[in-house]
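Below, chains carry the letters A, B, ... as their sequence lines are ordered, and counting in each starts from 1.
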2 protein chains.
Amino acid sequence: MTPVKRPKEVDENFVKEKEAGFADFIQRKGLKTTRQRNTIISVFFRLRGHISVEELLNEVKKVNPRIGYATVYRTLHLLVESNLVEERRFGDGLARYEGHSDVEHHDHMICLECGEISEFFNPRLEALQEKLAEENNFEIFRHRLELYGVCKDKEACNKRKNSKAAEARGA
Amino acid sequence: MTPVKRPKEVDENFVKEKEAGFADFIQRKGLKTTRQRNTIISVFFRLRGHISVEELLNEVKKVNPRIGYATVYRTLHLLVESNLVEERRFGDGLARYEGHSDVEHHDHMICLECGEISEFFNPRLEALQEKLAEENNFEIFRHRLELYGVCKDKEACNKRKNSKAAEARGA
DNA sequence: GAAAGGGTTGCAATTGATTTGCGATTCGAT
DNA sequence: ATCGAATCGCAAATCAATTGCAACCCTTTC
């Protein structure tokens with residue numbers, strides 16, 4: 001298995017690249033650059049993990065409190081359309097967004113106890129999927145694989161669960 | 001690849017088994033058998049494929065027009081809780097339900113053109129997932145794999161797409 | 001560098017799926 | 001048949017997400 005590691009610190013080059021990519025997209029589409037969009041994407045690409053709209057909006061509001069849900073939603077749609085961001089749904093009923101192409105395609109393992117989402121990538125898995133599609137006369141554009149279960153390391157798992165619970169009470 | 005085949009005809013034994021399983025569950029939980037629940041599960045297990053709540057309600061209303069959304073939703077939740085039915089979401093924003101354990105666990109290929117959902121199962125894929133989880137110190141309870149793409153058989157694909165479009169106009 | 005045209009924003013209202021409150025009804029153990 | 005609890009049906013509420021619209025702000029043009 002190849003666990004996917006995300007950089008720990010904000011990579012300014014990465015952010016710049018994304019911002020440039022978005023500017024390109026905006027231009028190609030004949031849309032406009034705006035203060036709000038800049039704020040949103042700048043904040044978004046400095047976050048890591050699987051961001052919900054609410055989480056993103058909270059961060060965005062720290063920069064510009066007048067930005068509301070609608071603009072965040074609309075900008076996120078543009079980001080998805082521009083292929084700079086992927087939308088995911090893990091069954092808790094709300095969409096999460098992930099800046100990708102830094103870490104290449106990957107799949108997810110979701111712990112039902114502590115909520116930890118780990119990412120992994122395995123070329124044999126990918127190859128096998130291609131093979132199966134081939135046999136079924138099907139062409140894969142993208143796929144989604146999610147493993148739901150629990151961490152075997154109960155100690156670490158409980159720690160995460162508790163810190164999450166504390167967070168929920170506190171905030 | 002092992003495509004999963006569903007029986008073409010309603011299998012009365014299968015339906016009976018499911019009904020019995022549900023009765024068991026209801027009893028264990030100290031809940032009650034009701035006319036509505038009986039109707040809903042009887043109708044549900046005679047349908048095949050990935051049923052949306054609306055589809056199910058339509059069918060149910062043919063038997064008892066007074067049954068409404070709430071009861072169907074509530075019954076479906078019980079069915080999921082009892083493990084007789086699986087809930088799935090394919091990204092079109094509405095839940096679909098599938099009676100399972102007739103056809104064992106399987107994954108999905110979804111054509112983005114014609115909407116066809118095919119099912120498949122591959123033991124190597126399953127084994128590989130287990131292996132990856134093992135290496136990551138993770139225990140899998142369940143997983144979800146969806147391949148999104150297009151049928152290579154354009155003719156069949158278009159036919160399905162058109163018949164679906166016609167249906168939408170007609171109904 | 002002002003005006004024009006069109007995309008964008010923020011807010012509130014809307015949608016669409018799903019859930020819930022509640023009075024009326026039905027179930028099932030006694 | 002009776003009684004308490006579970007269930008139903010409906011309408012109202014919820015929740016995430018979308019949309020209508022008047023005010024606003026980019027960009028291009030002159």
Side-chain angles (χ1 to χ4, degrees), chain A residues 19 22-44 50-58 60-82 85-97 168, chain B residues 19 22-44 50-58 60-82 85-97 168:
Chain A
E19 287 173 344
F22 188 64
D24 265 23
F25 172 77
I26 287 294
Q27 188 128 31
R28 275 203 309 283
K29 289 283 249 181
L31 305 178
K32 286 175 180 170
T33 312
T34 69
R35 201 169 25 274
Q36 293 87 331
R37 284 175 182 168
N38 287 340
T39 301
I40 292 167
I41 68 166
S42 160
V43 168
F44 178 78
H50 306 84
I51 315 298
S52 69
V53 173
E54 196 184 354
E55 285 163 355
L56 178 53
L57 180 62
N58 285 341
V60 163
K61 273 188 180 302
K62 292 179 188 171
V63 179
N64 178 351
R66 307 210 49 229
I67 294 178
Y69 273 103
T71 304
V72 170
Y73 272 110
R74 288 190 273 229
T75 305
L76 244 9
H77 288 327
L78 290 174
L79 282 168
V80 169
E81 197 187 336
S82 73
V85 164
E86 257 182 51
E87 178 179 315
R88 298 190 184 279
R89 287 169 184 275
F90 296 112
D92 58 353
L94 74 180
R96 293 172 180 283
Y97 296 85
Chain B
E19 287 174 344
F22 188 66
D24 265 23
F25 172 79
I26 287 294
Q27 188 129 31
R28 276 203 309 284
K29 290 284 249 182
L31 304 177
K32 287 175 178 168
T33 313
T34 67
R35 202 169 25 274
Q36 293 87 332
R37 283 175 182 166
N38 288 339
T39 300
I40 292 167
I41 68 166
S42 159
V43 168
F44 177 78
H50 305 84
I51 314 296
S52 69
V53 174
E54 195 184 354
E55 285 163 357
L56 178 54
L57 180 62
N58 285 340
V60 163
K61 274 189 181 299
K62 292 179 186 168
V63 178
N64 177 352
R66 305 211 50 228
I67 294 178
Y69 273 103
T71 304
V72 170
Y73 273 110
R74 289 190 273 231
T75 305
L76 243 9
H77 289 327
L78 289 175
L79 283 168
V80 170
E81 197 188 335
S82 73
V85 164
E86 257 182 51
E87 178 179 315
R88 299 191 183 278
R89 286 169 184 276
F90 296 111
D92 57 353
L94 74 178
R96 292 174 179 283
Y97 296 85

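Comparing B/Gly30 and B/Thr71 by the nucleotide of DNA chain D whose heavy atom lies nearest to each, the residue mapping closer to the 5' end is B/Gly30.
The two atoms that bring A/His50 and A/Glu55 nearest to each other are O-OE1, 3.7 Å, heavy atoms only. Across A/Phe25 and A/Leu78, no two heavy atoms sit closer than the pair CE2-O, 3.7 Å. Considering all non-hydrogen atoms of both residues, B/Leu56 and B/Leu76 come closest at CD2-CD2, 3.8 Å. A pairwise comparison of heavy atoms in A/Lys61 and A/Ile67 identifies NZ-O, 2.9 Å as the closest pair. In this structure, B/Leu94 and B/Ser52 approach most closely via the heavy-atom pair CD1-CB, 4.1 Å.
Taking atom NZ of residue A/Lys61 and atom P of nucleotide C/dG10, one finds them 8 Å apart after rounding to whole Å. Rounded to an integer number of Å, the gap from A/Tyr69 OH to C/dA13 C1' is 17 Å. Across the protein-nucleic acid pair, B/Arg28 atom CZ and D/dA6 atom C1' stand 18 Å apart, rounded to whole Å. Rounded to whole Å, the distance from CD on A/Glu87 to C1' on D/dA16 is 11 Å. Taking atom CG of residue B/Asp92 and atom P of nucleotide C/dT15, one finds them 20 Å apart after rounding to whole Å. Note: NZ (A/Lys29) to C1' (C/dG7) measures 13 Å, nearest angstrom. Residue A/Leu76 contributes atom CG, which lies 15 Å from atom P of D/dA16 at whole-angstrom precision. Atom CZ of B/Arg66 is separated from atom P of D/dT7 by 18 Å (rounded to the nearest Å).
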**OP:** Do nucleotides 19-30 of chain D as a string where each nucleotide becomes B, S or -: B if the base has a protein heavy atom under 4.0 Å, S if just the sugar-phosphate does, - if no protein is that close.
**Re:** BB-----BS---
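Here the CG-OG distance, from A/Asp24 to A/Ser82, works out to 10.0 Å after rounding to the nearest 0.5 Å. If you take CZ on B/Phe44 and CZ on B/Phe22, they are separated by 11.5 Å, rounding to the nearest 0.5 Å. Rounding to the nearest 0.5 Å places CD of B/Glu81 at 8.0 Å from CG of B/Leu31.
Remark: A/His77 is in phosphate contact with D/dT18, judged by side-chain N or O atoms under 4.0 Å from OP1 or OP2. OP1 and OP2 of C/dA17 both lie 4.0 Å or more from every side-chain N or O belonging to B/Arg89.
One axis for each end of the helix from C/dG1-D/dC30 to C/dT30-D/dA1, each built from five base pairs, and the angle between them comes to 30° at 10° resolution.
The main-chain N or O of A/Lys32 is found under 3.5 Å from a side-chain atom of A/Arg37 such that the two form a donor-acceptor pair.
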